[in-house]
Participant: 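There's a structure below that I have some questions on.
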Amino acid sequence: MSIDPIDIPIGEPQVREAAKRLAPWAHVTPVITSRTLDSRAGCAVHLKCENLQRVGAFKFRGAMNALLQLDDEAKGRGVVTHSSGNHGQALALAGSLLGIPVTVVVPRTAPAIKQAAMTGYGATIRLCEPTLAAREAAVAEEIAEKGLTLIHPFDYWDVIAGQATAAWELLDQAGPLDAVVVPVGGGGLISGTAIAVKARSPQTLVIGVEPERADDARRSLISGKVEPSGDPHTIADGLRTSLGERPFAVISRLVDRIETASEAGIVDALRFLWERLKIVVEPSSAVVVAPLLERRLDLEGRRVGAILSGGNVDLGPFFDAMAARWL
């Protein structure tokens, strides 16, 4: 799966256009700082809170940017995607706002709370077996039978351009940065971030972080081709998927390096963010904070941006435990 022949058709003009296109729809999420975090990390950290974006994740940016560029015929037929979480919710909400029918192919093992969120936004859910082959087969059937347009969660240029607007805003809000740290799953966020950051500030480092147990991006850069993630066992469930070809084409050219975070480090960072910064984020967001707290990125004394990708956490077990103890 070589990425050499793939051109990168988006750059600064497309990111600017996406930001303008999204302005009436997406939140400009806040950037927060913490003296405690700076002290532990040894650098000035600026956290971009995409957990406060619509549907609780950066995914809304890419989904809405993609739908806004469909022609009227495609909008009328509707769109399809496969997702077990944030992208499905984002596409469902964007479709609801624009009056575009949305079908989401969802693994039958996906949490009921996430399925309910998608249907709550008006999407049609089609369940499938929890394998990539089953997802792709179900999507292909929907396209063949209904003429739906596939809006891929990350391997889609309009989605990548939309995700790039998070980093674009971060640079406006935080000012010059020495590095931007981003979680890596399918690669839509980090590839968009790299395009935005390198267009405006070529000297700024773009660093991806992924779980040690789901280190397919690191392995892919070493081998020069997309390496499958398999079925990694990590608490950062949003980062278990393999890289897309288009994101990898960007990552291999514009991302400076990929680092990893241990499961213990992710949990420690998650607890730190919840307890000390008082913000609810999901483990996939905490992945970028873990190596900062452990000072493993060689960024001491620098100005660093870090994108907290989302905050969709199932708090049901927590509240059930509280109720069982106190009620």
Participant: Does CZ in R271 sit with more than 12 non-hydrogen atoms of other residues, nucleotides or ligands closer than 6.0 Å?
Facilitator: no
Participant: Taking V28 as the starting point, is it possible to reach F58 by hopping between hydrophobic residues whose side chains are less than 4.5 Å apart?
Facilitator: no
Participant: Side chains of L98 and M64, heavy atoms from C-beta outward: is any pair under 4.5 Å?
Facilitator: yes
Participant: What are the two closest heavy atoms between R135 and P107, and how far apart are they?
Facilitator: NH2-CG, 3.2 Å
Participant: Test side-chain contact (heavy atoms from CB on, under 4.5 Å) on L37 and F272 and set out the steps.
Facilitator: CA-CA 9 Å; L37 174 57; F272 175 85; 3.8 Å; yes
Participant: Indicate yes or no for a side-chain donor-acceptor contact from T81 to the backbone of I151 under 3.5 Å, with no hydrogens or angles considered.
Facilitator: yes
Participant: Should E12 and W168 be marked as a side-chain contact (heavy atoms from CB on, under 4.5 Å) after you check the CA-CA gap, both sets of side-chain angles, and the distance that decides it?
Facilitator: CA-CA 10 Å; E12 182 173 352; W168 196 263; 3.5 Å; yes
Participant: Please give me the minimum heavy-atom distance between G95 and L67, naming the atom from each residue.
Facilitator: N-CD1, 3.5 Å
Participant: Does K48 reach the main-chain N or O of T29 with its side chain, forming a donor-acceptor pair under 3.5 Å?
Facilitator: yes
Participant: Quick check: does any side chain N or O of T193 sit under 3.5 Å from a backbone N or O of L189, one acting as donor and the other as acceptor?
Facilitator: yes
Participant: Do V281 and V304 belong together in a cluster built from hydrophobic side chains that touch within less than 4.5 Å?
Facilitator: yes
Participant: Going by heavy atoms in the side chains, are L239 and P183 under 4.5 Å from each other?
Facilitator: yes
Participant: Rounded at 0.5 Å granularity, tell me how far CD in E227 sits from OG in S220.
Facilitator: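 Rounded to the nearest 0.5 Å, the CD-OG separation comes to 5.0 Å.
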Participant: If you count every heavy atom of other residues, nucleotides or ligands that lies below 6.0 Å from R257 atom CZ, does the total exceed 12?
Facilitator: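 Check passes, neighbour count above 12.
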Participant: Around D320, counting heavy atoms of other residues, nucleotides and ligands shown, do more than 12 lie under 6.0 Å from its CG?
Facilitator: yes
Participant: Under a single-linkage definition using a 4.5 Å side-chain heavy-atom cutoff for Ile, Leu, Val, Met, Phe, Trp and Tyr, are L97 and V80 assigned to the same hydrophobic cluster?
Facilitator: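 Hydrophobic grouping puts L97 apart from V80.
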Participant: Quick one: do D231 and R213 make a salt bridge, cutoff under 4.0 Å?
Facilitator: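 A salt bridge is absent here (no side-chain N lies under 4.0 Å from a carboxylate O).
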Participant: Determine the minimum heavy-atom distance between T234 and A214, stating which atoms define it.
Facilitator: CG2-CB, 4.4 Å
Participant: With a 4.0 Å cut-off, would you call R200 and D172 a salt bridge?
Facilitator: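 Salt bridge between R200 and D172, a charged N being under 4.0 Å from a carboxylate O: yes.
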Participant: Do E263 side-chain atoms and I235 backbone N/O form a donor-acceptor pair below 3.5 Å?
Facilitator: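 Side chain of E263 to backbone of I235: a pair is present.
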Participant: Which value, rounded to the nearest 0.5 Å, describes the distance between M118 atom CE and S96 atom OG?
Facilitator: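 The distance works out to 14.5 Å.
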Participant: Do Q89 and N86 have side chains that approach each other closer than 4.5 Å (heavy atoms only, starting at C-beta)?
Facilitator: yes
Participant: Does L47 share a hydrophobic cluster with I190, counting links as ILVMFWY side-chain heavy atoms below 4.5 Å and allowing steps through other members?
Facilitator: no
Participant: Run through V255, D256, T204, V180 and flag the one making a side-chain contact (heavy atoms from CB on, under 4.5 Å) with K198.
Facilitator: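 Single side-chain contact (heavy atoms from CB on, under 4.5 Å) partner of K198 among V255, D256, T204, V180: D256.
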Participant: Do F154 and V159 make a side-chain contact, defined as non-hydrogen atoms from C-beta onward lying under 4.5 Å apart?
Facilitator: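 No, side chains not in contact.
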Participant: Quiz question: by atom type and distance under 3.5 Å, do the side chains of D158 and N65 form a donor-acceptor pair?
Facilitator: no
Participant: Walk me through whether R61 and E50 qualify under salt bridge (charged side-chain N to carboxylate O under 4.0 Å, His left out).
Facilitator: CA-CA 10 Å; R61 296 174 182 271; E50 286 296 288; 2.7 Å; yes
Participant: May I ask you to test the V79-L91 pair for a side-chain heavy-atom distance under 4.5 Å?
Facilitator: yes
Participant: Could you pull out the closest heavy-atom pair between D216 and S242, with the gap in Å?
Facilitator: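 For D216 and S242, the tightest heavy-atom pair comes out as OD2-CA, 3.5 Å.
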Participant: Checking K114 against D237 for the salt bridge (charged side-chain N to carboxylate O under 4.0 Å, His left out) test, could you report, in this order, the C-alpha distance in whole Å, the side-chain angles of both residues, the deciding distance, and whether it holds?
Facilitator: CA-CA 13 Å; K114 293 188 176 183; D237 58 309; 3.4 Å; yes
Participant: At what distance, to the nearest 0.5 angstrom, does CD1 of I32 lie from SG of C49?
Facilitator: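 Separation between the atoms: 4.0 Å.
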Participant: Would you say the side chain of W157 lies within less than 4.5 Å of the side chain of V250, judging by non-hydrogen atoms?
Facilitator: yes
Participant: Determine whether the aromatic ring centres of H82 and H152 lie less than 6.0 Å apart.
Facilitator: yes
Participant: Are any of the side-chain heavy atoms of L308 and V289 separated by less than 4.5 Å?
Facilitator: yes
Participant: Does N51 reach the main-chain N or O of A57 with its side chain, forming a donor-acceptor pair under 3.5 Å?
Facilitator: no
Participant: Any chance you could lay out the side-chain contact (heavy atoms from CB on, under 4.5 Å) test for F318 and V313, step after step, and finish with the verdict?
Facilitator: CA-CA 10 Å; F318 171 76; V313 183; over 6 Å; no
Participant: Could you tell me whether D155 and R246 have a side-chain N and a carboxylate O separated by less than 4.0 Å?
Facilitator: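 Answer for the salt bridge query: yes.
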Participant: Is R126 paired with E141 through a side-chain N to carboxylate O contact shorter than 4.0 Å?
Facilitator: yes
Participant: Ignoring hydrogens and angles, tell me if any N or O in the side chain of S191 forms a donor-acceptor pair with the backbone of G187 under 3.5 Å.
Facilitator: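 The answer is yes, because a donor-acceptor pair under 3.5 Å joins these two groups.
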Participant: Between R219 and P228 (side chain of the first, backbone of the second, donor and acceptor by atom type, cut-off under 3.5 Å), is there such a pair?
Facilitator: yes
Participant: Please check this pair: side chain of K59 against backbone of G88, looking for a donor-acceptor N/O pair closer than 3.5 Å.
Facilitator: no
Participant: From I279 CD1 over to L52 CG, what is the distance, rounded to the nearest 0.5 angstrom?
Facilitator: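 Between I279 CD1 and L52 CG, I get 7.5 Å after rounding to 0.5 Å.
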Participant: Hydrogens and angles aside, do T165 and Q163 bring a side-chain donor and acceptor to less than 3.5 Å of each other?
Facilitator: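 No, no side-chain donor-acceptor pair sits under 3.5 Å.
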Participant: CG/L127 to CZ/R108 distance, rounded to the nearest 0.5 angstrom?
Facilitator: 9.5 Å
Participant: Walk me through whether E259 and R218 qualify under salt bridge (charged side-chain N to carboxylate O under 4.0 Å, His left out).
Facilitator: CA-CA 7 Å; E259 302 288 346; R218 182 190 65 81; over 6 Å; no
Participant: According to a 4.5 Å side-chain heavy-atom criterion applied to Ile, Leu, Val, Met, Phe, Trp and Tyr, with indirect links allowed, do V102 and W25 form part of one hydrophobic cluster?
Facilitator: yes
Participant: With no hydrogens and no angle check, is any side-chain donor or acceptor of R77 less than 3.5 Å from a backbone partner on G147?
Facilitator: yes
Participant: Nearest 0.5 Å, what's the CZ-CD distance between R21 and Q14?
Facilitator: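 These two atoms lie 9.5 Å from each other.
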Participant: Applying side-chain contact (heavy atoms from CB on, under 4.5 Å), run through L297 and L292 and close with a yes or a no.
Facilitator: CA-CA 7 Å; L297 301 183; L292 289 171; 3.7 Å; yes
Participant: Does E282 reach the main-chain N or O of N312 with its side chain, forming a donor-acceptor pair under 3.5 Å?
Facilitator: yes
